[in-house]
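Input: a single structure, listed below in structure tokens.
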Amino acid sequence: MLNQKVNSYYQRPGEMSGLGRFITVEGGEGAGKSSNLAFIQALLEAAGKQVLFTREPGGTPLGEAIRELLLGHKHTGMADDTELLLMFAARAEHLQRKILPALEQGAWVLCDRFTDASFAYQGAGRGIADDRIALLERFVQGALRPDLTLLLDLPVETGMERAGNRSQPDRFEREAETFFNKVREGYLRIAAREPERVRVIDASPALEAVQKQIVDVMQGYLDSLDG
Ligand code: TMP
């Protein structure tokens with residue numbers, strides 16, 4: 001059962017004093033997520049925040065075991081609903097064991113992917129209806145949503161070229177270009193619907209130009225909290 005404090009956080013995400021903020025980063029293949037996540041963490045730490053960096057699916061021992069089931073090649077024919085439920089099982093564990101306790105202690109949680117990825121990959125990509133995913137979102141998260149999401153966006157072809165050198169593609173990386181186009185469109189639809197929370201970063205130029213956009217967004221966000 002969720003404790004009282006967590007319940008109130010669920011009801012008023014990001015608004016309770018003394019709580020950390022929940023920042024997520026999303027993006028398709030080859031969008032430069034890893035280096036940009038390290039950059040964002042450094043920016044937050046330079047601003048004096050205590051940062052917990054984590055990822056989905058994963059982030060806890062059980063979550064990482066579920067990640068192996070999802071990304072490995074042992075269960076290639078997994079049903080779409082199973083895939084979705086495993087994502088949310090890992091997420092429930094992650095939230096209750098790691099993310100919420102950290103937020104309660106005032107840490108800022110920086111998470112490599114979160115529920116937007118379920119809407120983009122399992123929703124737009126696999127074709128599961130949004131309302132079914134929203135049902136699980138509500139079940140697992142209550143009203144908790146990220147406070148800020150950076151979407152690293154770039155054309156699928158460019159991303160695939162960049163990611164092309166990776167040796168062992170996982171179960172998702174083996175998907176075809178049409179799948180990733182649907183995923184990208186799914187992400188962009190979320191950003192269009194929630195422009196305040198989801199900031200689109202053009203990830204196609206060179207790293208420096210991408211980082212400049214990230215600095216602008218992060219600085220703007222930090223300033224908005226001070227004001
Ligand atoms: P990563 O490659 O960014 O580590 O993410 C692992 C894969 O899991 C990536 O291909 C996206 C996918 N994924 C989903 O399909 N749904 C989700 O809810 C999450 C968090 C990730």
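Numbers here are sequence positions counted from 1. Computed from a prediction, not measured in an experiment: that's the story for all the values here.
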Under 4.5 Å between any side-chain heavy atoms of [X] and [Y], yes or no?
X: Thr149; Y: Ile23; result: no
X: Pro146; Y: Arg21; result: no
X: Ile128; Y: Asp81; result: yes
X: Asp112; Y: Val25; result: no
X: Thr54; Y: Leu110; result: no
X: Asp153; Y: Ile201; result: no

Over all atoms of both residues, closest heavy-atom pair of [X] and [Y]:
X: Val210; Y: Ala203; value: CG2-CA, 3.9 Å
X: Gly186; Y: Ala124; value: CA-CB, 3.7 Å
X: Arg113; Y: Ala117; value: CD-CB, 4.1 Å
X: Arg174; Y: Pro169; value: CG-CB, 4.1 Å
X: Leu207; Y: Ser35; value: CD1-OG, 4.1 Å
X: Ile133; Y: Ser118; value: CD1-O, 3.7 Å

What pairs with [X] under salt bridge (charged side-chain N to carboxylate O under 4.0 Å, His left out), at least two apart in sequence or on another chain?
X: Glu194; value: Arg197
X: Glu83; value: Arg126, Arg171
X: Asp216; value: Lys212

To the nearest 0.5 Å, what is the distance between [atom1] ([X]) and [atom2] ([Y])?
X: Leu150; Y: Lys33; atom1: CG; atom2: NZ; result: 12.5 Å
X: Arg132; Y: Asp80; atom1: CZ; atom2: CG; result: 9.5 Å
X: Glu208; Y: Gln211; atom1: CD; atom2: CD; result: 7.5 Å
X: Glu93; Y: Ile99; atom1: CD; atom2: CD1; result: 11.0 Å
X: Leu19; Y: Glu104; atom1: CG; atom2: CD; result: 7.0 Å
X: His73; Y: Asp170; atom1: NE2; atom2: CG; result: 6.5 Å

*Does any pair with a residue in residues 58-77 pass salt bridge (charged side-chain N to carboxylate O under 4.0 Å, His left out), and if so which ones, sequence neighbours excluded?*
Arg55-Glu64
*In chain order, what residues pass the ring-ring contact (aromatic ring centres under 6.0 Å, His included) check against Phe180, with sequence neighbours excluded?*
none
*asked:* If the condition is ring-ring contact (aromatic ring centres under 6.0 Å, His included), which residues does Phe53 pass it with, not counting sequence neighbours?
replied: none
State which residues pass side-chain contact (heavy atoms from CB on, under 4.5 Å) with [X]; sequence neighbours excluded, sorted by chain then number.
X: Asn181; answer: Val156, Glu177
X: Ala191; answer: Leu151, Val198, Val200
X: Ser204; answer: Leu154, Pro155, Asp202
X: Leu85; answer: Leu136

Can you get from [X] to [Y] by hopping between Ile, Leu, Val, Met, Phe, Trp and Tyr side chains that sit under 4.5 Å apart?
X: Phe88; Y: Phe139; answer: yes
X: Leu84; Y: Leu69; answer: no
X: Ile190; Y: Leu135; answer: no

*Using the test side-chain hydrogen bond (donor to acceptor under 3.5 Å, both in side chains), find all partners of Gln213 that sit at least two apart in sequence or belong to another chain.*
none
*Under the 3.5 angstrom rule, does the side chain of Lys98 hit a backbone N or O of Thr60 as a donor-acceptor pair?*
no
*Please determine which of Glu56, Gln141, Glu137 meets the side chain to side chain donor-acceptor pair (under 3.5 Å) test together with Arg91.*
Glu56
*asked:* In this structure, is the centre-to-centre distance between the rings of Phe22 and Phe114 below 6.0 Å?
replied: yes
*So Met87 and Tyr121, side-chain contact (heavy atoms from CB on, under 4.5 Å) or not? Walk me through it.*
CA-CA 11 Å; Met87 291 291 176; Tyr121 282 77; over 6 Å; no
Name each donor-acceptor pair under 3.5 Å that joins a side chain in residues 37-52 to protein atoms two or more places apart or in another chain, with its distance.
residue: Gln41; atom: NE2; partner: Glu45; partner atom: OE2; Å: 3.1

